[in-house]
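Down below is the structure, laid out as structure tokens.
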Amino acid sequence: MYFLVYINIPANAKWTQNGVTIAGGHGQWNANNQLNWPYDLFVDDDQTAVIADYGNHRIMQWKKGDTTNGQVVVGGKGTGNGLHQLNFPTDVLLDKETDSLLIFDWGNRRVLRWPRRSGTTQGEILIDKIACWGLAMNEQRYLYVSDIQKHEVRRYQFGENNYTLVAGGHGKGDGLNQLNWPRYLFVDRDHSVYVSDRDNHRVMKWVEGAKEGIVVAGGQHAGYALTQLYHPEGIFVDTLGTVYVADSWNHRVMRWTQGDKKQGTVIAGGNGQGEGANQFHYPVGFSFDRQGNLYVADLYNHRVQRFSIE
């Protein structure tokens with residue numbers, strides 16, 4: 001997910017139903033035109049896609065218009081725990097202030113900072129010994145991380161190991177003060193934290209300082225109905241408060257407007273599991289560019305799909 005992308009998407013916006021492959025799509029392996037389980041991504045101001053290529057232990061960069069080859073920008077040195085290596089990265093975001101990538105290196109249980117300047121050969125550990133999955137950052141440069149073992153979300157002062165609990169922390173469960181495998185995060189301008197509560201099949205909003213969360217999408221058990229989610233993953237919230245969520249096991253991306261929390265609408269996919277241009281096979285992370293075009297990490301198709309806003 002991208003640092004400080006607050007996008008105004010019209011409430012009636014629609015996207016093309018057929019996606020265009022802008023990264024990967026050439027099978028599952030480690031060539032520069034391939035991806036291996038892409039989990040998350042962000043799209044920079046120039047429409048460059050930066051992708052957490054989980055199965056290849058690397059971060060890839062794909063420039064706009066060049067769909068044939070990506071560039072390895074972090075890792076790609078084999079799996080390992082050296083500062084020049086990654087071990088199953090699950091999330092990547094951009095710290096614009098320092099022009100650095102922040103990466104959750106899941107297999108090494110650490111958050112790394114990697115300056116984007118040329119010649120960088122290793123990263124710096126910001127947080128270690130944490131079973132994190134998703135990352136987010138607000139304009140005060142507080143770093144938010146989800147802990148899938150303790151079922152909680154923590155907020156760190158940038159560069160410090162001390163943290164504040166901001167969601168969950170009451171053990172695994174489906175109460176309003178609990179989470180069950182929290183995955184991806186989004187922080188809005190009011191510092192409310194949105195959490196994809198994966199195994200509770202819901203998206204939760206925790207207002208700053210709250211002791212309990214609010215269900216803003218799903219929460220009606222696992223299922224395919226428009227009132228339900230089935231293992232939600234990536235999330236995004238626009239300036240209108242509309243919640244967008246990758247409904248992974250339903251192979252679709254959904255939109256839930258603030259005025260209608262009972263039911264969502266499908267904006268991409270929803271045509272069954274598959275590799276067609278209008279299908280996904282377990283969508284996970286996604287991102288919008290400044291124009292509102294949608295980019296989806298299509299995990300088991302080993303590709304990133306772009307859906308143009310109409």
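For this chain, numbers begin at 1 and follow the sequence in order. Any value given below was found using the heavy atoms of this structure, including those in side chains, with hydrogens, waters and symmetry copies removed.
Between V216 and W256 the shortest side-chain heavy-atom distance does not fall below 4.5 Å. Using a 4.5 Å heavy-atom threshold, the side chains of L126 and L102 count as touching. Side-chain contact check for F104 versus V145: every heavy-atom pair is 4.5 Å or farther apart. Residues I59 and P89 form a side-chain contact, since some pair of their non-hydrogen atoms from C-beta on lies under 4.5 Å apart.
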If you look only at distance, which donor and acceptor atoms sit under 3.5 Å apart when one is on a side chain in residues 240-249 and the other is two or more places apart or in another chain?
residue: Y244; atom: OH; partner: D238; partner atom: OD2; Å: 3.1
residue: D247; atom: OD1; partner: Y230; partner atom: N; Å: 2.7
residue: D247; atom: OD1; partner: N250; partner atom: ND2; Å: 3.4
residue: D247; atom: OD2; partner: N250; partner atom: ND2; Å: 2.8
residue: D247; atom: OD2; partner: R252; partner atom: NE; Å: 2.7
residue: D247; atom: OD2; partner: R252; partner atom: NH2; Å: 3.1
residue: S248; atom: OG; partner: H231; partner atom: O; Å: 2.4

Acceptor/donor pairs from residues 68-79 side chains to any protein atom, 3.5 angstrom cut, sequence neighbours excluded:
residue: T68; atom: OG1; partner: D66; partner atom: OD1; Å: 2.9
residue: Q71; atom: OE1; partner: Q61; partner atom: NE2; Å: 3.3
residue: T79; atom: OG1; partner: N87; partner atom: OD1; Å: 3.1

Using residues 157-181 as the side-chain source, report each donor-acceptor pair under 3.5 Å to any protein atom, sequence neighbours left out, with the distance given to one decimal.
residue: Q157; atom: OE1; partner: Y142; partner atom: OH; Å: 3.3
residue: Q178; atom: OE1; partner: G175; partner atom: N; Å: 3.0
residue: Q178; atom: NE2; partner: H170; partner atom: O; Å: 3.0

What donor-acceptor contacts under 3.5 angstrom involve side-chain atoms of residues 274-282, with partners at least two apart or in another chain?
residue: Q279; atom: OE1; partner: G276; partner atom: N; Å: 3.1
residue: Q279; atom: NE2; partner: N271; partner atom: O; Å: 3.0
residue: H281; atom: NE2; partner: Q273; partner atom: NE2; Å: 3.3
residue: Y282; atom: OH; partner: R198; partner atom: NH2; Å: 3.3
residue: Y282; atom: OH; partner: E233; partner atom: OE2; Å: 2.8

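Checked against side chain to side chain contact (heavy atoms under 4.5 Å, CB included), T16 has the following partners two or more places apart in sequence or in another chain: F307, S308, E310. Applying the side chain to side chain contact (heavy atoms under 4.5 Å, CB included) criterion to P10, with sequence neighbours excluded, gives N12, A13. For D46, the salt bridge (charged side-chain N to carboxylate O under 4.0 Å, His left out) criterion is met by no residue, not counting sequence neighbours. For the side-chain hydrogen bond (donor to acceptor under 3.5 Å, both in side chains) test, residues two or more places apart in sequence or in another chain that qualify with R113 are S100, E124. Not counting sequence neighbours, E212 has no partner by the salt bridge (charged side-chain N to carboxylate O under 4.0 Å, His left out) test. With sequence neighbours left out, the side-chain hydrogen bond (donor to acceptor under 3.5 Å, both in side chains) criterion links Y144 to N138.
Under the ring-ring contact (aromatic ring centres under 6.0 Å, His included) criterion, the residue pairs touching residues 56-75 are H57-F88, with sequence neighbours excluded. For residues 143-159, the salt bridge (Lys or Arg N to Asp or Glu O under 4.0 Å) pairs, not counting sequence neighbours, are D147-R154, E152-R154, R155-E208.
The closest side-chain donor-acceptor pair between Y184 and D91, if any, does not fall under 3.5 angstrom. Using modelled atom types, one finds no donor on one side chain facing an acceptor on the other under 3.5 Å when comparing Q305 with D298.
Pairing each heavy atom of P38 with each of I51, the nearest pair is CB-CG2, 3.8 Å. A pairwise comparison of heavy atoms in Y194 and I235 identifies O-CD1, 3.2 Å as the closest pair.
With respect to D44 and R116, a salt bridge is recorded, a charged nitrogen being found less than 4.0 Å from a carboxylate O. In summary, D45 and R290 engage in a salt bridge, as defined by a charged side-chain N under 4.0 Å from a carboxylate O.
The hydrophobic clustering, which links ILVMFWY residues whose side-chain heavy atoms are closer than 4.5 Å, places W29 and Y54 apart. In terms of hydrophobic clustering, with Ile, Leu, Val, Met, Phe, Trp and Tyr side chains grouped at heavy-atom distances under 4.5 Å, L101 and I125 are assigned to a common cluster. Residues W114 and L83 share a hydrophobic cluster, clusters being chains of Ile/Leu/Val/Met/Phe/Trp/Tyr side chains in contact below 4.5 Å.
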